[in-house]
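Before any comments, here is the structure.
We count ligands from 1, going down the list as the structure has it; atoms in each ligand are counted the same way.
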Amino acid sequence: MIEITNLSKHYGEKAALANVYLTFSDNKIYGLLGSNGAGKTTLMKIIANRLFQTAGTVTVQGQPVLENERVQQNIFCVTENDKYPKDIKLKNLLVWESRFFPDFDLDYAKDLAQKFDLDLNKKTNSLSTGYYTILKVVVALASKAKIMILDEPVLGIDSLYRELFYEVLLTHHRQYQNLIIISTHLIEEVEPVLQEVVIIDRGRIIKQGTLQEIAENESLNQAYVNILKGVRHG
Ligand SMILES: Nc1ncnc2c1ncn2[C@@H]1O[C@H](COP(=O)(O)OP(=O)(O)OP(=O)(O)O)[C@@H](O)[C@H]1O
């Protein structure tokens with residue numbers, strides 16, 4: 001379980017997150033939704049200890065995340081800006097990554113790569129944008145981290161592989177029962193895999209609940225738009 005208490009993050013004068021209280025339960029798939037600049041990446045990076053808060057705490061199973069290597073080994077965070085070394089063969093990259101995560105499963109990574117037609121003899125700098133994202137997803141899944149944080153995980157991936165991604169993600173979750181947090185603007189696409197939803201707007205949590213609670217009589221996308229309109233226009 002991730003517990004976030006009174007979390008704030010300021011970039012100079014700008015408050016990217018303000019007094020956030022949130023709980024993410026184990027074994028669930030969360031959608032973290034919010035418009036551009038809402039604070040999603042900032043929140044995800046702080047949970048993964050890739051960015052430091054101005055105030056507040058984040059704990060995993062009661063243990064603070066901050067400067068806690070044991071806790072961090074259980075968290076895998078993929079963001080848009082993550083870059084691998086430029087001139088490394090993918091098969092060697094997988095071996096390199098496996099050193100950082102105790103449960104990293106090399107055979108599973110190879111199996112996933114095959115599913116996505118990702119050629120492991122290629123080098124990182126020869127990958128297209130979509131395949132670069134697929135590589136990150138493969139590494140994230142193969143880490144078998146208890147907590148998987150995916151910021152825009154389908155960026156640049158075509159619709160065929162996006163469908164495969166959602167399928168693989170659900171199979172993975174059923175098998176390993178991990179906690180997954182996904183942030184994406186493709187709400188219609190992600191809706192079928194979500195169990196819980198958190199909506200953030202201008203650094204504040206404005207709604208959270210199960211998918212059924214939030215999108216009771218309409219699609220999640222429609223519910224999301226209505227909630228945002230309600231907050232912004234009263
Ligand atoms: N390094 C930084 N320096 C200054 N301001 C920043 C920095 N990173 C983010 N911000 C600001 O903090 C706010 C939250 O940004 P964040 O990237 O967390 O939003 P987001 O919800 O992930 O947005 P998007 O959906 O557009 O990726 C924005 O106003 C952004 O401009």
Side-chain angles (χ1 to χ4, degrees), residues 2-24 29-58 60 65-67 72 75-84 129-130 132-137 140 147-157 159 162 165-166 169 179-191 193-194 196-209 211 214-215 219-233:
I2 305 173
E3 274 190 297
I4 297 172
T5 310
N6 205 14
L7 189 73
S8 296
K9 172 70 184 174
H10 292 254
Y11 293 107
E13 294 288 291
K14 164 103 197 159
L17 294 174
N19 312 106
V20 170
Y21 286 83
L22 261 181
T23 301
F24 293 99
I29 307 183
Y30 286 81
L32 178 61
L33 310 180
S35 53
N36 293 122
K40 302 179 298 294
T41 302
T42 301
L43 178 61
M44 291 171 127
K45 282 190 171 172
I46 292 175
I47 296 172
N49 210 33
R50 304 251 298 259
L51 192 68
F52 303 114
Q53 60 263 52
T54 309
T57 56
V58 180
V60 171
V65 167
L66 205 63
E67 292 170 7
Q72 286 162 36
I75 306 175
F76 200 105
C77 176
V78 175
T79 75
E80 198 184 322
N81 298 325
D82 297 340
K83 293 281 177 281
Y84 293 118
T129 310
Y132 207 92
T133 310
I134 287 172
L135 172 63
K136 289 189 208 173
V137 165
I147 298 172
M148 215 161 79
I149 299 176
L150 305 172
D151 190 8
E152 292 288 354
V154 293
L155 208 75
I157 302 183
S159 45
R162 289 211 302 275
F165 163 73
Y166 296 119
L169 191 75
L179 162 56
I180 302 176
I181 306 173
I182 309 175
S183 157
T184 179
H185 296 294
L186 299 174
I187 299 176
E188 279 168 25
E189 265 190 34
V190 81
E191 180 176 354
V193 308
L194 301 182
E196 302 274 333
V197 177
V198 174
I199 302 177
I200 181 167
D201 187 42
R202 292 174 288 195
R204 294 179 186 276
I205 305 301
I206 56 167
K207 196 95 178 169
Q208 63 186 110
L211 179 65
I214 293 203
S219 69
L220 178 60
N221 191 50
Q222 195 54 58
Y224 165 76
V225 169
N226 290 341
I227 289 164
L228 272 193
K229 278 183 181 166
V231 167
R232 294 191 177 191
H233 308 299

Check whether any side-chain N or O of [X] sits under 3.5 Å from a backbone N or O of [Y] as a donor-acceptor pair, and report yes or no.
X	Y	result
R162	I157	yes
T54	H10	yes
E152	L155	no

I'd like to check which ligand 1 atoms, numbered from 1 as shown, lie under 4.0 Å from a non-hydrogen atom of [X].
X	result
K14	29 (O)
T42	14 (C), 15 (O), 16 (P), 18 (O)
H185	25 (O)

Answer yes or no for E80: is there a heavy-atom contact with ligand 1 below 4.0 Å?
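No; E80 lies far enough from ligand 1 that no heavy-atom distance drops under 4.0 Å.
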Examine ligand 1 and decide if any of its atoms is less than 4.0 Å from a heavy atom belonging to S35.
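It does, in that a heavy atom of S35 comes within the 4.0 Å cut-off of ligand 1.
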Relative to each other, are the rings of Y84 and Y132 parallel, tilted or perpendicular (30° and 60° limits)?
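Rings of Y84 and Y132: tilted, 30 to 60°.
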Quick check: A16 and ligand 1, any N/O pair under 3.5 Å apart?
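By distance alone, the answer is no.
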Minimum distance, heavy atoms only, to atom 23 (O) of ligand 1: which one of G39, G37, A38 is it?
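It is G37 that holds the nearest heavy atom.
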Are there protein heavy-atom neighbours of atom 31 (O) of ligand 1 below 4.0 Å?
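No, because not a single protein heavy atom sits under 4.0 Å from atom 31 (O) of ligand 1.
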I'd like to check atom 14 (C) of ligand 1 in this structure: does the protein have a heavy atom lying under 4.0 Å from it?
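Yes, there is one.
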Nearest-neighbour protein heavy atom for [atom], which is reported as residue plus atom name and distance:
atom	result
atom 6 (C) of ligand 1	Y11 CD1, 3.3 Å
atom 25 (O) of ligand 1	K40 NZ, 2.7 Å
atom 26 (O) of ligand 1	N36 ND2, 3.0 Å
atom 17 (O) of ligand 1	T41 CB, 3.7 Å

Would you say that more than 12 heavy atoms from the other residues, nucleotides or ligands in this model lie under 6.0 Å from the NZ of K83, or not?
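Counting other residues, nucleotides and ligands, NZ of K83 exceeds 12 neighbours.
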According to the salt bridge (Lys or Arg N to Asp or Glu O under 4.0 Å) rule, which pairs have a member within residues 35-52, sequence neighbours left out?
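Sorted result for residues 35-52: R50-D82.
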Show me the pairs that pass side-chain hydrogen bond (donor to acceptor under 3.5 Å, both in side chains) and involve residues 12-23, at least two apart or across chains.
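For residues 12-23: N6-N19.
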Side chains of Y224 and S219: do they bring a donor and an acceptor to under 3.5 Å?
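S219 and Y224 do not have a side-chain donor-acceptor pair below 3.5 Å.
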D201 and S35: which non-hydrogen atoms are nearest, and at how many Å?
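Shortest heavy-atom contact: OD1-OG, 3.9 Å.
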